[in-house]
Amino acid sequence: MTQLSKQDFKKLSDFRYRLRAFQRSSEEICKSHGLTSLQYLLLLHLKGFESREWATISELAEKLQSKHHATVMLIDRSSELGLVERRVSATDKRCMEIHLLPKGEKLVEAIAWQHRPELNYLQQEFPLTK
């Protein structure tokens with residue numbers, strides 16, 4: 001195993017600091033809209049899900065890096081707030097689709113917009129390449 005240099009530790013420290021600053025800022029933004037950051041992430045993952053306007057509980061659990069039962073509880077709470085709803089799949093009756101409702105759509109767009117300045121800063125400092 002190769003040892004890490006002082007510069008490696010500095011880069012890792014800087015990255016973790018900026019990541020935590022972003023998370024803290026995000027938590028405050030979410031709170032100002034009456035949501036938890038996990039509720040916002042649920043809405044964000046639904047809005048940003050590739051090629052569909054919905055996702056399954058398993059897909060959301062993966063995106064959230066959460067246990068299935070914890071994701072179900074988060075969906076339950078979000079459903080009670082009128083942010084999302086469950087729908088039985090038209091193609092597979094065993095599958096449950098989670099959809100954004102208009103209230104959830106409005107909130108995710110407003111909150112995401114408030115993240116733009118910090119996101120722009122992070123992209124400059126830590127460019128993502130594919």
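The structure presented is a predicted model; accordingly, all values stated were derived computationally and were not measured. Positions are given from 1 along the sequence.
- Here the straight-line distance linking atom OG of Ser78 with atom CG of Leu38 works out to 9.0 Å at 0.5 Å rounding.
- For the atom pair CG (Leu41) and NZ (Lys63), the distance works out to 11.0 Å, reported to the nearest 0.5 Å.
- Put simply, the side chain of Glu59 does not reach to within 4.5 Å of the side chain of His45, judged on heavy atoms.
- Looking at Lys10 and Asp14, a side-chain N of the basic residue comes within less than 4.0 Å of a carboxylate O on the acidic one, giving a salt bridge.
- Val72 pairs with exactly one of Lys67, Met96, Arg86 by the side-chain contact (heavy atoms from CB on, under 4.5 Å) rule, that one being Arg86.
- In this structure, the ring pair (Phe, Tyr, Trp, His ring centres under 6.0 Å) partners of His115, at least two apart in sequence or on a different chain, are Phe22, Tyr40.
- Hydrophobic clustering (ILVMFWY, side-chain heavy atoms < 4.5 Å, transitive): Val88 and Ile98 are in one cluster.
- In the hydrophobic cluster analysis, where Ile, Leu, Val, Met, Phe, Trp and Tyr join through side-chain heavy atoms closer than 4.5 angstrom, Ile75 is grouped apart from Trp54.
- Of the inter-residue distances, the one linking Arg87 atom CZ with Cys95 atom SG reads 13.0 Å to the nearest 0.5 angstrom.
- Listed by chain and residue number, Gln39 satisfy the side chain to side chain donor-acceptor pair (under 3.5 Å) test with Thr36 (two or more places apart in sequence, or in another chain).
- Cluster membership for Leu60 and Leu81, using ILVMFWY side-chain heavy atoms within less than 4.5 angstrom, is shared.
- Using a distance-only test at 3.5 Å, with no hydrogens or angles considered, no donor-acceptor pair links the side chain of Ser13 to the main chain of Phe9.
- Here the closest heavy-atom approach between residue Glu27 and residue Ser37 is recorded as CG-OG, 3.8 Å.
- The closest side-chain donor-acceptor pair between Ser89 and Thr91 falls under 3.5 angstrom.
- Expressed to the nearest 0.5 Å, how far OG of Ser79 lies from CD of Glu85 amounts to 7.5 Å.
- Counting only heavy atoms from C-beta outward, the side chains of Gln114 and His33 approach each other to under 4.5 Å.
- Heavy-atom neighbours of Arg116 CZ from other residues, nucleotides or ligands within 6.0 Å: at or below the threshold of 12.
- Distance check, rounded to the nearest 0.5 Å: CG of Leu83 to CG of Leu42 gives 8.5 Å.
- Residues Leu43 and Ile111 are not in side-chain contact: their nearest non-hydrogen atoms beyond the backbone lie 4.5 Å or more apart.
- By the rule that hydrophobic residues join a cluster once side-chain heavy atoms approach within less than 4.5 Å of another member, Leu35 and Leu101 end up as members of separate clusters.
- Arg24 is linked by a salt bridge (charged side-chain N to carboxylate O under 4.0 Å, His left out) to nothing, counting only residues two or more places apart in sequence or in another chain.
- For Glu53, the CD atom is loosely surrounded, since the number of other residues' heavy atoms within 6.0 Å does not exceed 12.
- Cluster annotation: Phe49 and Leu44 are assigned to distinct hydrophobic clusters (Ile/Leu/Val/Met/Phe/Trp/Tyr, side-chain heavy-atom contacts under 4.5 Å, transitive).
- Using modelled atom types and a 3.5 Å distance limit, the side chains of Ser5 and Asp8 yield a donor-acceptor pair.
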